[in-house]
Amino acid sequence: QVQLVESGGGLVQPGGSLRLSCAASGRFFSISTMGWYRQAPGKQRDLVASVISGGSGNYADAVKGRFTISRDNAKNTVYLQMNSLKPEDTAHYYCNAGVVTTYYGYLEVWGQGTLVTVSS
């Protein structure tokens with residue numbers, strides 16, 4: 001069993017900030033890429049940001065300069081700091097990780113999602 005648990009979503013006013021966390025747990029050897037995706041109603045799930053262990057973050061154009069992805073390998077946790085939030089950022093945010101497991105090899109694992117609502 002490998003699971004990702006997200007936290008930090010909620011309701012925030014435009015211009016505000018939120019910090020999302022995603023912690024991986026279970027039996028695995030390592031985690032390669034970790035990232036955040038988001039999906040608004042009626043739209044596809046799009047990449048927000050991703051980071052490879054030891055590398056720098058990659059960001060969607062819509063969030064560049066506002067969002068920052070970081071990773072704590074010792075805790076198997078990835079964070080998404082979201083600043084200057086806009087109503088357009090409203091979506092379910094999903095954590096994703098590429099995990100090397102003992103028996104199943106390389107797996108793409110998704111969290112259950114956390115809802116971010118930006119509204120007055």
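These numbers come from a predicted model, not from an experiment. For the numbers below, each heavy atom of this structure counts, side chains included, while hydrogens, waters and symmetry mates do not.
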request  = Working to the nearest 0.5 Å, report the span between CZ of Phe28 and CG of Asn76.
outcome  = 4.0 Å
message = Please report the interatomic distance NZ(Lys75) to OG(Ser25), rounded to the nearest 0.5 Å.
response = 15.0 Å
ask   = For the hydrophobic clusters of this structure (ILVMFWY residues joined by side-chain heavy atoms under 4.5 Å, transitively), does one cluster hold both Tyr103 and Phe29?
value = no
ask   = Closest heavy-atom contact between Ser84 and Ser17?
value = N-OG, 4.3 Å
message = Determine whether Thr114 and Ser7 satisfy the following criterion, side-chain contact (heavy atoms from CB on, under 4.5 Å), listing intermediate values before the conclusion.
response = CA-CA 7 Å; Thr114 184; Ser7 63; over 6 Å; no
message = Please find the pair of heavy atoms, one from Tyr79 and one from Asp72, that lie closest to each other, and give the distance.
response = CE1-CB, 4.1 Å
task = Working to the nearest 0.5 Å, report the span between OG1 of Thr68 and CZ of Arg19.
result = 10.5 Å
Side chains of residues 50-63: which donor-acceptor partners sit under 3.5 Å, not counting sequence neighbours?
{"residue": "Ser53", "atom": "OG", "partner": "Asn73", "partner atom": "ND2", "Å": "3.3"}
{"residue": "Tyr59", "atom": "OH", "partner": "Ile69", "partner atom": "N", "Å": "2.9"}
{"residue": "Asp61", "atom": "OD1", "partner": "Lys64", "partner atom": "NZ", "Å": "3.1"}

query = So, do Met82 and Leu20 sit near enough that their side-chain heavy atoms are less than 4.5 Å apart?
reply = yes
Ignoring hydrogens and angles, write down the donor-acceptor pairs under 3.5 Å from the side chains of residues 92-100, residues two or more places apart or on other chains.
{"residue": "Tyr93", "atom": "OH", "partner": "Arg38", "partner atom": "NH1", "Å": "2.9"}
{"residue": "Tyr93", "atom": "OH", "partner": "Asp89", "partner atom": "O", "Å": "2.7"}
{"residue": "Asn96", "atom": "ND2", "partner": "Glu108", "partner atom": "OE1", "Å": "3.4"}
{"residue": "Asn96", "atom": "ND2", "partner": "Val109", "partner atom": "O", "Å": "3.4"}

query = Is Leu85 reachable from Tyr37 through a run of I, L, V, M, F, W or Y residues, each pair having side-chain heavy atoms under 4.5 Å apart?
reply = no
inquiry  = Tell me if the OH atom of Tyr104 is crowded by more than 12 foreign heavy atoms within 6.0 Å.
reply    = no
Shortest non-hydrogen contact from Leu115 toward Ala91 = CD1-O, 3.6 Å
request  = Report yes if the side chains of Trp110 and Leu4 come closer than 4.5 Å at any heavy-atom pair, otherwise no.
outcome  = no
ask   = How far apart are the closest heavy atoms of Gly113 and Glu6, and which atoms are they?
value = N-OE1, 2.9 Å
Pairwise distance CD1(Ile31) to CG(Leu107) - rounded to 0.5 angstrom = 11.5 Å
